There are 2 protein chains.
Amino acid sequence: MTDGLDRVDRQILKILQREGRIPNVELAERVGLSPTATGERLRRLQKDGVITGFGARLDPHLLGLSLLVFVEVSLDKTTPDAFARFAAAVRRAPEVLECHMVGGGFDYLVKARVADMPAYRRFLGEGLLSLPGVNNTRTYAVMEEVKSDGVLPL
Amino acid sequence: MTDGLDRVDRQILKILQREGRIPNVELAERVGLSPTATGERLRRLQKDGVITGFGARLDPHLLGLSLLVFVEVSLDKTTPDAFARFAAAVRRAPEVLECHMVGGGFDYLVKARVADMPAYRRFLGEGLLSLPGVNNTRTYAVMEEVKSDGVLPL
DNA sequence: CGGTGTTGCCGCCGATCCTGCGGCAATCCG
DNA sequence: CGGATTGCCGCAGGATCGGCGGCAACACCG
């Protein structure tokens, strides 16, 4: 059952990554199958967890979230539960779009969106630096988003 | 017309960010409007560019893309067109999910997904380092994805 | 104050879409 | 070679979509 994805499955995923709200009948004729068979595949892909969900892509700027920042966070390793508490806090923070634990010069890489620089200062001071165990942060403000769709290669 | 989003609009966006394939009638009863009015709002949100599209969320691990990496790239500023050529190459590379030009210690932050370490070595050598003007790179491999949905706060 | 235009919503209805069912061909296996 | 399984198709009843006309609230203005 592992990775039992044929050519049609991958084609379905490829289409749905970019046009997630396409009706099943149109998806069917694009992959060259009947709507019934296509719907069955879609249902199976969701059940197997290959498709974890569907979502709308929004324009951050039109929503007043013009500033995208990446923050490298170093934790104080002597503080007990520092990692668990930091992770929990980050999951609760709405400004944080992503947070990854990395190996290398620091511990976490945080991607966050805020309205502007004052808002970022507030988020950094009240949201990140106030967490216990946070040792050091380094902020990189994004000047231009060269590529940002995040579509997986198939 | 700028930012003319009322409470219902934001509620629609909030729901569609997580459940992009919800039928219009269900969306309507959740926001407490008729299906007609709700569909009209949805159409308007797309026309105004607030909603830029819909997409399926896929599980990278089930697709054999288990390794997530971030790469900090520094360019040789003396090479003419270095920035434009780098940006163009990155847009063509399927492994690259995101690429942001940042201000700070380096020039571009690249987020990429590959199958495993050997695949990453190949991508780094043939995809990134072979580009003219690339001066230096620093790679951070993700050990744990603490938060990765990327849902905007509303 | 009343006329008028605008906006946002509703109900209705024909067209479209979804989904469960039965049938069929290909494949696999004992 | 017989039988089970798998994946697909066509069909049909029911759900959903989207365009249309109507209506109420509101703002503007003479």
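Just so it is clear, the model here is predicted, and its values are computed rather than measured. Below, chains carry the letters A, B, ... as their sequence lines are ordered, and counting in each starts from 1.
Here the C1' atom of nucleotide dA15(D) and the CD atom of Glu29(B) are 12 Å apart, to the nearest Å. Rounded to a whole Å, the CZ atom of Arg43(A) is 13 Å from the C1' atom of dG7(D). Rounding to whole angstrom units, CD of residue Glu26(B) and C1' of dT16(D) are separated by 12 Å. If you take CZ of Arg44(B) and C1' of dT6(C), they are 15 Å apart, rounded to a whole angstrom. Rounded to an integer number of Å, the gap from CD of Glu40(A) to P of dG23(C) is 19 Å. Residue Leu33(B) contributes atom CG, which lies 5 Å from atom P of dC9(C) at whole-angstrom precision. One can place CG of Leu42(B) at 13 Å from P of dG19(D), the figure rounded to the nearest angstrom. If you take CG of Asn24(B) and C1' of dC10(C), they are 14 Å apart, rounded to a whole angstrom.
Taking hydrophobic clusters as Ile, Leu, Val, Met, Phe, Trp and Tyr residues chained together by side-chain heavy-atom distances below 4.5 Å, Leu68(A) does not share a cluster with Tyr120(A).
Residue side chain Thr36(B) reaches the base of dG11(C) through a donor-acceptor N/O pair under 3.5 Å, judged by distance alone.
Of the candidates dC17(D), dC9(D), dC10(C), the closest approach to any side-chain atom of Ala37(B) belongs to dC10(C). The side chain of Pro23(B) lies closest to dT16(D), out of dT16(D), dC17(C), dC9(D).
Of all the heavy atoms in Pro35(A) and Val25(A), the pair that sits closest is CG-CG1, 3.9 Å. Considering all non-hydrogen atoms of both residues, Leu27(A) and Ile22(A) come closest at N-CD1, 3.9 Å.
Between Arg21(A) and Thr38(A), the residue anchored nearer the 5' end of DNA chain D, judged by the nucleotide with its closest heavy atom, is Thr38(A).
Side-chain nitrogen and oxygen atoms of Arg41(A) include at least one within less than 4.0 Å of the OP1 or OP2 phosphate oxygen of dC8(D).
Here Tyr108(B) and His100(B) keep their ring centres 6.0 angstrom or further from each other.
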